[in-house]
Number of protein chains: 2
Amino acid sequence: MKRQATRRLDYEKELRRRGVRITRPRRIILGILSETEDHPDALEIFRRAVAIDSSISLSTVYRTMKLLGDMGAIHRHAFEGGPSRFEHASGDHHDHLIDIESGDVIEFKSDRIEQLQNEIAHALGYDIVHHRLELYGRKRGTG
Amino acid sequence: MKRQATRRLDYEKELRRRGVRITRPRRIILGILSETEDHPDALEIFRRAVAIDSSISLSTVYRTMKLLGDMGAIHRHAFEGGPSRFEHASGDHHDHLIDIESGDVIEFKSDRIEQLQNEIAHALGYDIVHHRLELYGRKRGTG
DNA sequence: CTATTCTTTGCAACTGACTGTCATCTGGCG
DNA sequence: CGCCAGATGACAGTCAGTTGCAAAGAATAG
């Protein structure tokens, strides 16, 4: 449970190392990102940020998400039919199963699939730069 | 090469069956969709349609793509960082490898991956409604 | 073939999700 | 503290797509 505080400090250290200033809005957004285990969108992050400091603007949230995304500190996911949703980039790679009823996101990982993807790309003469694998499903016995 | 004309007629028959009127703009768009083997976006379809009948509007293209998509006659793909691109829904399911340099789309199919996806979703208590698997890559020996 | 009906169209205004501009503000060093 | 490049809030602009509406045009009836 101390993981979160550590993660925020890691973010700040990394930002400093890159000559990025740690401002009040950024510290608040970093705090929100490091505490959440879900996949909030920009508006949701904005709402949570405003609850802490009402002067924060939505532009700053978007700018900060872009900055952190470019740095590789967070991942942006453009799931179907909605705004981008974010998660911190710590931990290793995984893909997502999206509950089409609730919007909940479940993370999973399959080395077999990754391996098959590489084989396929290779056979087609390509190197994979990145990929997107999303399963959209419904809880069994719920419809 | 007669496949395309047949496909357009199939589209029209299906539309009629659903009580949808076959208008001039729709016939033109259907013709474009049945002739192309690539994955054009709405604007590209619009450009091709205007070359045939300059009075067609972009709204009608969007509306027709939505109609055909809802009917399941075409598939809409929202690849990263660009507008939706479309392809006719004939033939069987496949996934896509996108050349990040040229935007070219290569179709591929892997029963092994599909099977693994189902196993994963099942293990998590879900039934897959649909999925999205996109590989973004670069041609080997090109960079 | 014409009248009637109800869908579809083109246009323009609108929306959601960002991105860019700019005057003002501020973090961090000196 | 004082400075000042980089960051911020406010808001205009963009991009892809959607929607409201009056006019046009399919399909059907007569």
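In what follows, chains are A, B, ... by sequence order, proteins preceding strands, each numbered from 1.
A close approach under 4.0 Å does occur between a side-chain nitrogen or oxygen of B/T60 and OP1 or OP2 of C/dG10. The shortest distance between the side-chain N/O atoms of B/S55 and the OP1/OP2 oxygens of C/dT9 is not below 4.0 Å.
Each of B/G82 and A/V20 has a nearest nucleotide on DNA chain D; the 5'-most of these lies closest to A/V20. Comparing B/A42 and B/R16, the nucleotide of DNA chain D nearest to each residue sits closer to the 5' end for B/A42.
With hydrogens and angles ignored, no donor-acceptor pair under 3.5 angstrom links the side chain of A/R24 to the base of D/dG9. A donor-acceptor contact under 3.5 Å is formed by the side chain of A/R63 with the base of D/dG9. Taking 3.5 Å as the limit, the base of D/dC11 and the side chain of A/S59 contain a donor-acceptor pair of atoms between them. Between the base of D/dA5 and the side chain of A/R21 there is a donor-acceptor pair shorter than 3.5 Å.
Summarising the geometry, the separation between CZ on A/R26 and P on C/dC25 is reported as 18 Å, rounded to the nearest angstrom. Regarding A/H77, its NE2 atom lies at a distance of 18 Å from the P atom of C/dA17, rounded to whole Å. Summarising the geometry, the separation between CD1 on A/I22 and P on C/dC29 is reported as 11 Å, rounded to the nearest angstrom. In this structure, CD of A/E44 is placed 17 Å from P of C/dG16, rounded to the nearest angstrom. Following rounding to the nearest Å, B/K66 (NZ) and C/dT8 (C1') show an atom-to-atom distance of 16 Å. With rounding to whole Å, B/Y62 atom OH is found 16 Å from C/dT9 atom P. Distance, A/F86 CZ to C/dA17 C1': 10 Å, rounded to whole Å. A straight line from CZ of B/R27 to P of C/dT9 spans 12 Å, rounded to a whole angstrom.
If you look at A/H93 and A/H131, their ring centroids are closer than 6.0 Å.
A/L43 comes within 4.0 angstrom of nothing in the nucleic acid, heavy atoms only. Nucleic acid contact for A/L58: none, since no nucleic acid atom lies under 4.0 Å from a heavy atom of the residue.
For the residue pair B/E134 / B/H77, no side-chain donor-acceptor distance below 3.5 Å is found, with atom types taken as modelled.
Aromatic ring orientation, A/F79 versus A/Y136: perpendicular (interplanar angle above 60°, classes split at 30° and 60°).
The backbone N or O of A/L33 sits nowhere less than 3.5 Å from a side-chain atom of A/T36 that would complete a donor-acceptor pair.
In B/H94, the NE2 atom is crowded: over 12 heavy atoms of neighbouring residues, nucleotides or ligands sit closer than 6.0 Å.
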